[in-house]
Amino acid sequence: MPVEEFMAGWISGALGLVLGHPFDTVKVRLQTQTSYRGIMDCTVKIYRHESLLGFFKGMSFPIASIPVVNSVLFGVYSNTLLALTATSHQERRAQPPSYTHVFIAGCTGGVLQSYCLAPFDLIKVRLQNQTESRVQPGSPRPRYQGPVHCAATIFREEGPRGLFRGAWALMLRDTPTLGIYFVTYEGLCRQYTPDGQTPSSATVLVAGGFAGIASWVTATPFDVIKSRMQMDGLGRRAYQGLLDCTVSSFRQEGLGVFFRGLTINSARAFPVNAVTFLSYEYFLHSRG
Ligand SMILES: CN(C)C(=N)NCCC[C@H](N)C(=O)O
């Protein structure tokens, strides 16, 4: 099994994550809280009340989990393609796999990564939603003191299954959209690269960026439901399940609710995934 694919997934994921985390915090707040009027209002309020650090809340756990999550995604994707087409990453430029195979491999990577991602993503979302300022002395102490305290509190208050709250929505979000992610990336690389050659860095950047946008645009409705389900464990439960969350959100806020965070998700997706794919390809080629 090619271990490099897992290593490349790890490094590229970490780079993309740091770059995109401030956008992610604004997105999560917009999706789960009603006190912000839009991207600008949310950004200004976070900066005023919580300083620049407010944008990086909840980042340490995703950084720690990225070796697992991204290497599972890219490693499973590549190894599924190897099983389906009997070609390694290097051989695939000369013998490109069909888009159906790419889609199946992407979906397989998506299912498995969502399972690993679920508890880390839950903790990230809970921490990102804490609006207390760490820099102002005398401000109230947040409910969770950090990622480990957050995990332990969820475990104690909501049970071990509580750590997987929102996991079904996460799986529904990631399975088809990661198929779309890899198909878009492959499609654009092939379109702009002469047959049999390796795509240039510019092509990889653009294809990675648009793959990120295509996947996040389609992922946003389930992303909203996922974030709401994850916040639902706090205090009185508002939703009976995934379907109830979808229907109640629609009834109370209209169709627009499923597109909350769409602009910021897309703005974040381009740089994050451009960097992710560039470092992924760079790592694999420098070793191949
Ligand atoms: C639409 N979805 C779920 C994705 N495209 N997932 C792949 C993750 C890529 C990168 N870490 C990111 O956060 O954009």
Side-chain angles (χ1 to χ4, degrees), residues 1-16 66-117 170-219 222 266 269-288:
M1 177 178 289
V3 183
E4 302 93 77
E5 319 267 338
F6 286 95
M7 293 288 291
W10 168 16
I11 295 170
S12 58
L15 285 171
I66 207 81
V68 186
V69 175
N70 231 47
S71 67
V72 166
L73 171 62
F74 281 87
V76 170
Y77 166 74
S78 196
N79 284 287
T80 307
L81 270 185
L82 178 66
L84 290 172
T85 64
T87 52
S88 69
H89 182 81
Q90 279 76 12
E91 289 162 347
R92 274 177 224 140
R93 287 293 157 221
Q95 296 160 260
S98 72
Y99 288 117
T100 311
H101 282 153
V102 171
F103 185 75
I104 295 172
C107 293
T108 313
V111 178
L112 292 173
Q113 81 125 32
S114 67
Y115 192 74
C116 307
L117 179 65
L170 183 66
M171 196 176 281
L172 287 172
R173 184 195 79 176
D174 283 7
T175 307
T177 55
L178 281 158
I180 294 171
Y181 182 62
F182 285 106
V183 166
T184 311
Y185 176 71
E186 270 301 312
L188 289 172
C189 280
R190 284 182 206 178
Q191 182 78 28
Y192 296 104
T193 310
D195 280 352
Q197 285 188 23
T198 307
S200 68
S201 301
T203 305
V204 169
L205 276 173
V206 172
F210 279 108
I213 293 185
S215 63
W216 277 108
V217 166
T218 42
F222 273 116
S266 314
F270 193 94
V272 168
N273 292 287
V275 166
T276 299
F277 272 105
L278 187 68
S279 44
Y280 175 73
E281 296 284 0
Y282 177 80
F283 185 85
L284 286 181
H285 283 115
S286 64
R287 297 179 53 93

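Owing to the predicted nature of the structure, the values given are computational and were not obtained by experimental measurement.
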To the nearest 0.5 Å, what is the distance between [atom1] on [X] and [atom2] on [Y]?
X	Y	atom1	atom2	value
T218	I213	OG1	CD1	11.5 Å
L112	L117	CG	CG	12.0 Å
L81	S88	CG	OG	11.0 Å

Do [X] and [Y] have side chains that get closer than 4.5 Å, going by heavy atoms?
X	Y	value
S78	Y280	yes
Y282	F277	no
V69	L73	no

Please, which pairs that meet side chain to side chain donor-acceptor pair (under 3.5 Å) have at least one residue in residues 197-208, sequence neighbours excluded?
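Qualifying pairs, neighbours excluded: S200-T203.
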For the pair S215 (side chain) and G212 (backbone), establish whether a donor and an acceptor sit closer than 3.5 Å, ignoring hydrogens and angles.
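It does hold such a pair.
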With no hydrogens and no angle check, is any side-chain donor or acceptor of T108 less than 3.5 Å from a backbone partner on I104?
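Checked: pair present.
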Under 3.5 Å donor-acceptor pairs involving side-chain atoms of residues 93-100, not counting sequence neighbours:
unit_1	atom_1	unit_2	atom_2	d
S98	OG	H101	N	3.2
S98	OG	H101	ND1	3.4

Check: residues 171-188 side-chain donor-acceptor pairs under 3.5 Å, at least two apart:
unit_1	atom_1	unit_2	atom_2	d
R173	NH1	D223	OD1	2.7
D174	OD2	Q113	NE2	2.5
T175	OG1	M171	O	2.7
T177	OG1	R173	O	2.3
Y181	OH	N273	OD1	2.6
T184	OG1	I180	O	2.6
Y185	OH	E281	OE2	2.6
E186	OE1	R190	NE	3.2
E186	OE1	R190	NH2	3.2

Kindly determine whether N70 and T276 satisfy side-chain contact (heavy atoms from CB on, under 4.5 Å), including the steps that lead there.
CA-CA 10 Å; N70 231 47; T276 299; 4.1 Å; yes
